[in-house]
Amino acid sequence: MKYSLPSRVDLSVRLRAALRTALSHYVANGIGVAIGLMLISAGVHVFFGAAAASAASVGVIVTAPPDLPGPRRGKFWQMLPAPLLGMPLFFGVQMLQDDPLGLGLLIVPAAFISFLAMAWGKRGVPVAIALIFSAVFSLAVPTHEGRNAFDGALRTTAYFGLGAGLYVVYAVLANLALNGRYRVQLLADTLLALAQLMRVQARRFGRADPGGGAPLPPDPALTSQLLARHAALADQLQSARDVVLESPRTPRRQRLAGMLLLVLEMRDHLLACELDLDTLRAQPGHAHGLRALQSVLRDMAGDIEQLADALLMGRMPPPLEDRRARLAGLRWEPDGAGTGDAPPPAWAGAGPSPQLLARALADRTGHINDEALRLVALARGEAAPNLAVVRASWQMFVSPTAWSWSPFFSLWRWDAPPLRHALRAALAMGAGYIVSLALPWGTHAYWILLTIVVVLRGSLAQTLERRNARVAGTLLGCVLALGVLSTHLSPLGLIAVLTVAQAVAHGFAVRRYLITAVAATVLGLVQSHMLNTGVSTSFALFERLADTLIGTGIAWACSYVLPSWERGQIPALVARTVAAQAHHARVALGLGQLQAVDDAPELAWRLARREAYDSLSALVQATQRSLKEPRAVRPPVASLQRLQAHCYQLLAQLTAVKTMLLLRRGQLEPRRIEGPLAQAADRIDAALLASPGAAVPPAPASPEAAPGPEPLPDPFANDLNPWLLRRLELAALLAGQVRSEADLARQPGQNA
């Protein structure tokens, strides 16, 4: 009886997560792709017959990978390269199906050329996959009968092109029709990512010894998780920007765009909650207050999740509780209530009492509460969004959609990761093709090649993840396919299974590949059954398992050939991160924001802030991937993690400064802060942009700017100038720490 409540809670959480998945943008996209495949293959079947429909459906499958939720502009040009470049490969394989040697000599360079598209980053990955799919799936399509081989291959390729061309048109129209829904779904996903970050931050507040109530030392694993959540949110924000901020001209679009901008502000305030946290945690008397803040932040995370659920289900979100009064009522122990053993950070200096720091932390949590209230007010239509910057300059906040030759010309360096990956892929495909010829069955040679294509990734960490997911997914998919086929469904029922499997396989390809592997296995085995190849179902299952194991083994082995270890990319990522931090500091400390008569200062700051977060996110992700690499080739992980932590702390200090400059400017005197603002910007520039190994410039001899041991005034009084000066000094000191850790991270031979 006592276990019934936890099980019900767990079931409720699982059901809520399942509902969010069902209403997500990737499931909607997968369903859209499956409907397009069904409509086009059925239409071609009616007009041209079953063989033509088979080739046309392959054209749809090859063209579908780039069809992901995205902006309306540039959708056609995003979809066009796959069928345009894939048709010659498809035709070449059709021509050489009876020539094993010629076919192998085509597949290897085709793999190399296809994987060069990885140079275009996230936009190029699905195009690269689609190109090599055109060659691999051509092996599965028999040549139509004709007067000669050329005639049959040309006829089959024509039907392939028909299906691909029709799908390009369908994808553009479907993306246009679903654009409004995608805006809502991507915003909801962003809110859920924000809520997860809030919960991790709340755990940072509540680390206390349950026995004596004394704070525990910082948990490195929790800090790493916090950095990972920030990086994930940065990625999700850019995906949402590309769709939500595009052409915000209607009131509904403006409301969604305004909500996305408020998420950015909430992230800043959430990051600022890290300020002085270690100092407060060293005071056992404040453990109760920190746990109270933890409870408030968790409640607000629940509010954000509730808002996301309401958006996904098209409901009016309920009004939120204003927790300002609850935060103001928190009681903190006197300053002498206890002292911890943990010293304050080296950059923290002396200054305000722990009680004032605690009240400031509660006030920063209150800013999150205020933004959450505005979010719900916008969602309910009770407030108007402030989009002066975005309305005129939204193109500057979204990813470019035009193709450029610059990535191609930058490929031809021996250490270029896309070039090395293309060479690895060509080697793996060649090895897989040779093995497929030697196998005793050989009826599905493309299964090994297909496994190599989807498992072999640009980094070892991604390849290992795909390897495990592919093997597990194939095992589960074989069991599921056996269950489906044992029911002896009618042809119409099998077509329905194929449609669902295609929707799931496409929808989860980027989100969770294990599910895609299961669906793709069901798709392949049911298709083989419907083609009536004459082999038994059990033998087809054995083939599928064996080919999967062989393909994953080849991909795994080839991932160690010409490897692009993360330590080779780290120096460039560190340099980008440090430069972005310096630029953001310079823009954020610009006093012009106080006197702006237009939106130029705010626009420059928003763009600088985006680059600061995005560059740091890329560095965090590269560091995480390096943990899966052999220890001997890892970069200096400890220095990189400290660098990331100091960068986020610097952003937090600048966020606090920015909040004072914009929200509480009436309590600042420009004549007193103008000089320190410029001095702090110069010191941060000098520290971050100095050449490696150069000495950090000393602090200016300004008694006003230094946080001396004398107590600072109450932050809620009318004089915020000393608090601003303290933040500037701490930011300058943190910049020196960032530069020191960046120098260590750039040094070779310090693997973890």
Side-chain angles (χ1 to χ4, degrees), residues 21-47 53 56-84 86 122-123 125-127 129-130 133-134 159-189 239-247 249-250 252-253 256 311-312 314 398-399 401 403 495-496 498-511 515-516 519-520 523:
T21 299
L23 297 175
S24 64
H25 63 89
Y26 45 94
V27 169
N29 177 240
I31 292 174
V33 170
I35 291 174
L37 173 63
M38 182 177 63
L39 292 176
I40 293 172
S41 59
V44 174
H45 185 278
V46 169
F47 287 100
S57 65
V58 172
V60 173
I61 294 172
V62 166
T63 311
D67 184 16
L68 301 172
R72 297 174 303 168
R73 65 183 188 120
K75 181 67 175 182
F76 175 78
W77 299 109
Q78 176 68 21
M79 297 295 303
L80 187 61
L84 192 64
K122 288 185 177 181
R123 296 180 63 225
V125 171
V127 174
I129 297 299
F133 272 4
S134 65
Y159 290 130
F160 170 90
L162 176 63
L166 289 174
Y167 188 79
V168 169
V169 176
Y170 169 84
V172 172
L173 295 177
N175 188 68
L176 184 65
L178 290 172
N179 179 260
R181 181 60 181 167
Y182 283 157
R183 290 174 187 260
V184 172
Q185 290 170 323
L186 285 166
L187 178 59
D189 260 15
S239 298
R241 282 192 195 99
D242 291 340
V243 176
V244 177
L245 297 186
E246 182 188 28
S247 302
R249 298 190 178 97
T250 66
R252 182 174 179 272
R253 293 183 194 171
L256 294 174
L311 289 175
L312 288 174
V398 300
S399 302
T401 57
W403 293 101
I495 291 175
L498 291 178
T499 302
V500 173
Q502 174 61 33
V504 174
H506 180 87
F508 287 89
V510 176
R511 197 74 174 197
I515 298 177
T516 291
L523 185 66

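Residue numbers start at 1 and run along the sequence shown.
- In plain terms, the two heavy atoms of Gly163 and Val60 that are nearest each other are O-CG2, 3.6 Å.
- Tested against Val169 for a side chain to side chain contact (heavy atoms under 4.5 Å, CB included), the candidates Val172, Leu173, Leu166 yield a single pass: Leu173.
- Between Trp403 and Arg123, the closest heavy-atom pair is CE2-NH2, 3.4 Å.
- Of the possible polar contacts, one joining the Arg183 side chain to the Val244 backbone as a donor-acceptor pair under 3.5 Å is found.
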Take Ser24 and Val27 through the test side-chain contact (heavy atoms from CB on, under 4.5 Å) and record every step on the way to the result.
CA-CA 6 Å; Ser24 64; Val27 169; 3.5 Å; yes
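- In this structure, the side chain of Thr516 engages the main chain of Phe508 through a donor-acceptor pair within 3.5 Å.
- Taking each heavy atom of Phe160 and Ser134 in turn, the nearest pair found is CZ-CB, 4.2 Å.
- Taken from CG in Leu37 to OG1 in Thr63, the straight-line distance is 10.5 Å, to the nearest 0.5 Å.
- In this structure, Asp189 CG and Leu311 CG are separated by 11.0 Å, a value rounded to the nearest 0.5 Å.
- Between the CG atom of Asn175 and the CD atom of Gln78 there is a distance of 10.5 Å, given to the nearest 0.5 Å.
- Classification of Lys122 and Asp242 as a salt-bridged pair fails, no side-chain N sitting under 4.0 Å from a carboxylate O.
- Residues Arg249 and Ser247 bring a donor and an acceptor atom of their side chains to less than 3.5 Å of each other.
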Test side-chain contact (heavy atoms from CB on, under 4.5 Å) on Val62 and Tyr167 and set out the steps.
CA-CA 10 Å; Val62 166; Tyr167 188 79; over 6 Å; no
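- The structure places NE2 of His506 at 11.5 Å from CD1 of Ile61, a figure rounded to the nearest 0.5 Å.
- Nearest approach of His25 to Pro69, heavy atoms of both residues: ND1-CG, 3.6 Å.
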Between His45 and Ile40, is the side-chain contact (heavy atoms from CB on, under 4.5 Å) condition met? List the steps.
CA-CA 8 Å; His45 185 278; Ile40 293 172; over 6 Å; no
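- Counting only distance, with no hydrogens or angles, the side chain of Gln185 and the backbone of Leu312 share no donor-acceptor pair below 3.5 Å.
- Between the Gln502 side chain and the Ala34 main chain, no donor and acceptor come within less than 3.5 Å of each other.
- Met38 contributes atom CE, which lies 11.5 Å from atom CG of Leu498 (distance to the nearest 0.5 angstrom).
- The line from CZ of Arg181 to CG of Leu186 is 10.5 Å long, rounded to the nearest 0.5 Å.
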Steps toward side-chain contact (heavy atoms from CB on, under 4.5 Å) verdict (Tyr26, Leu68):
CA-CA 8 Å; Tyr26 45 94; Leu68 301 172; over 6 Å; no
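- Listed by first then second residue, pairs satisfying salt bridge (charged side-chain N to carboxylate O under 4.0 Å, His left out) with a partner in residues 67-78 read Asp67-Lys75, Arg72-Glu246, not counting sequence neighbours.
- Taking every heavy atom of both residues into account, Ala164 and Pro83 meet most closely at CB-CB, 3.6 Å.
- Between the side chain of Tyr159 and the backbone N or O of Gly59, no donor-acceptor pair lies under 3.5 Å.
- Note on residues 57-77: no pairs pass ring-ring contact (aromatic ring centres under 6.0 Å, His included), not counting sequence neighbours.
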